[in-house]
Every structure is written in structure tokens, then in C-alpha cells.
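Read through the structure below, which is laid out as C-alpha cells, and then see the notes.
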Amino acid sequence: MEFWKLFKTKHCTTKLVAATKEAALEEITDLLIEAGALSAALRGETLKSLLEREKIGSTGVGSNVAVPHVKVRGLDRAIFSLAIHPAGLAWVAVDSQPVHVVFTVLRPEKSGDAHDPERHLEILHWIARLSRDPDFRAFAMRVKTKAELVGLLEEKSAV
Amino acid sequence: MSDIVLAVRVPNPAGLHARPCQAIAQIAQRHQASVRIGCDGVEADGRSILELMTLCAPCEATLTIRAHGPDAAELVQRIAALVADGFGEMT
């Protein structure tokens, strides 16, 4: 599967500027709304899900990566975003390191034609495999444009 | 000291996604024993969320929990109970 295609260029950014992880999640949510991927009507529900998820436990999975991954009531299909915070952000990550790479996954509450749990696991597997790749992380932190970022995903998918 | 090994089925529909991986890793990190989780011929360090996510274990998959160390038995039991409970996602 070419999972990199799920990360539309306009859903990604190399320029997160938020000063806290809560603000970063808001910045990513607003990016998805501006890109037309997420309905503005779901902004509140999306932020609530993302922030509640962080309260359960930080999504900072280590190696400078966070994977906020939540169900959003009212969403009819999964949305994927990759965002880079060049300066790094405190995320209470498992290894206490700052987070530079944020894979955000919003998914519908229920399984259906637009959401298959097994395929979803495969996507998470792909994200985890990429995240463990030091080359991917190093290049992702250095790219200047979102097109280069998605190009990196494509390139790493071919390996 | 021998390994403590237990197999347990994944009952929750979403399988071993990110949050369950985090829950396993949190338990593992609170114990001295090392633990590896296996599924379908692949093994991961139980303390690493990213490694656990690579297991890609769906609902009904069987996880093999293998721990080694002074509190290995307790660690295996705690992880097994978490999995058997569907990571709290069954209600």
C-alpha cells in the first residue's frame, strides 16, 4: 500500500510554531480546517479528543516523534497529517526528548466503508516503522517545504 | 532465572493500536524485568511504543508475552490482564 498518499501536501506543514503541545494540536487542527479536510463544525470535537487523549497519556512515543491518534465523533473518514516543529516542543514524551515530528491521525468513531480497523493498524505500523528510521527523522527535521516532506514519505515508502 | 511466558488473545476490535501500545509500555517501564511481545513471528521490546506499534496485531491475534527478570511473573500477569480486558475498550 502506498500509505504516503494519505498524507496530502496541504494537510502537512514544516513550520509548526506553537509553544506548547496543546497549541500545536490546535495549530494542526486549524491547518486541516483551512485545507478543507476537516469541517470547521468539528473543530471543538477534534480538539477535545486530542487534548483528552494527551491527558490519558502523552502521545510522544520517543525518538522526537509524537503520534496523536484519536477517534472524532462526527468524522466520516480518517484524516492524516504530518507536521514538523523545527525548534522542537516539550511533549512529555516517553524518552523526555522534545518532539519535532507529529503524525496526527483523526479517525471516525465507528468502523465502516471509510474506516477499516485492520487497515488502520497497517497504517500505524507504517508510521511506527518510519518513525524508527533515524534517516527519516533527520531528513524530516531539515526539509523546507511541505512538498519536500511528502516527497520524503514517498521516497521512504519505496525502501 | 528462566523466562516467564504467557499467550493471550487480543479481544478489542481496534487491536493493538497506539494507545494499547502505550499502556503496555507504561507497565513495562515500571518493572525491572525485560519483556518482549511477540505476534505472528515478530517480536518487539515491550518498553518501546514504536516497536510495539510495528506488531500490527489485530483483533483475535495472539500475543506472546515473554519476560525475564526479578519481577517477570508480575509483569507478565499485568500485561496479560490489560490485554484480556481489551485495553479498557470493550465497554
Side-chain angles (χ1 to χ4, degrees), chain A residues 1 3 49-72 78 80 91-97 99 101-112 115-134 136-137, chain B residues 8-64 75 78-79 81-83 85-91:
Chain A
M1 272 301 296
F3 291 131
S49 298
L50 287 166
L51 296 175
E52 282 181 355
R53 175 63 186 80
E54 295 296 331
K55 282 183 192 164
I56 293 170
S58 171
T59 57
V61 292
S63 304
N64 309 112
V65 177
V67 188
H69 161 238
V70 294
K71 294 177 188 174
V72 178
F80 301 85
W91 207 281
V92 201
V94 65
D95 57 1
S96 305
Q97 294 300 306
V99 160
V101 180
V102 185
F103 285 98
T104 304
V105 181
L106 308 179
R107 62 184 179 116
E109 261 199 323
K110 292 180 181 167
S111 304
H115 174 62
D116 170 4
E118 289 205 17
R119 182 165 181 270
H120 198 75
L121 281 180
E122 289 172 12
I123 296 166
L124 288 177
H125 170 269
W126 178 79
I127 290 173
R129 190 174 59 81
L130 266 183
S131 300
R132 295 182 63 216
D133 178 344
F136 167 75
R137 298 196 304 269
Chain B
V8 61
R9 187 181 63 87
V10 176
N12 60 315
L16 198 64
H17 62 91
R19 197 189 63 77
C21 291
Q22 181 185 40
I24 291 174
Q26 278 179 341
I27 291 175
Q29 285 161 14
R30 290 188 198 121
H31 287 74
Q32 284 182 273
S34 61
V35 61
R36 298 197 61 82
I37 311 290
C39 181
D40 206 16
V42 180
E43 270 204 351
D45 180 349
R47 296 183 182 201
S48 166
I49 301 170
L50 280 176
E51 275 200 42
L52 289 167
M53 282 168 66
T54 64
L55 290 178
C56 204
C59 182
E60 301 296 337
T62 298
L63 298 182
T64 304
L75 174 55
R78 282 184 183 253
I79 294 175
L82 176 75
V83 178
D85 184 46
F87 306 98
E89 295 179 355
M90 302 298 285
T91 51

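Not measured: the values here are computed from a predicted model.
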- Between A:Ser49 and A:Lys71, which heavy-atom pair has the shortest distance, and what is it? OG-O, 3.1 Å
- Between B:Glu43 and B:Arg36, is there a side-chain N and carboxylate O pair less than 4.0 Å apart? yes
For residues 62-70 of chain A, dump all side-chain donor-acceptor pairs below 3.5 Å to protein atoms at least two apart in sequence or in another chain.
{"residue": "A:Asn64", "atom": "ND2", "partner": "A:Pro98", "partner atom": "O", "Å": "2.8"}
{"residue": "A:His69", "atom": "NE2", "partner": "A:Arg107", "partner atom": "NE", "Å": "3.4"}
{"residue": "A:His69", "atom": "NE2", "partner": "A:His120", "partner atom": "NE2", "Å": "2.9"}

- For chain A, the option from B:Gln22, B:His17, B:Gln26 that forms the most heavy-atom pairs under 4.5 Å: B:Gln22
- Atom pair CE (B:Met53) and CH2 (A:Trp126), whose distance is rounded to the nearest 0.5 Å: 11.5 Å
- Under 4.5 Å from any heavy atom of chain A - which part of B:Leu16: backbone
- Query: Heavy-atom distance under 4.5 Å to chain A: side chain of B:Gln29, backbone, both or neither?
  - Reply: side chain
- Item | chain A contact via B:Ala57 - which portion, at a heavy-atom distance below 4.5 Å | backbone
- Message: Are there over 12 heavy-atom neighbours, none belonging to B:Asp40, within less than 6.0 Å of that residue's CG?
- Response: no
- Query: What part of A:Val61 is in contact with chain B, defined as an atom under 4.5 angstrom from a non-hydrogen atom: side chain, backbone, both or neither?
  - Reply: both
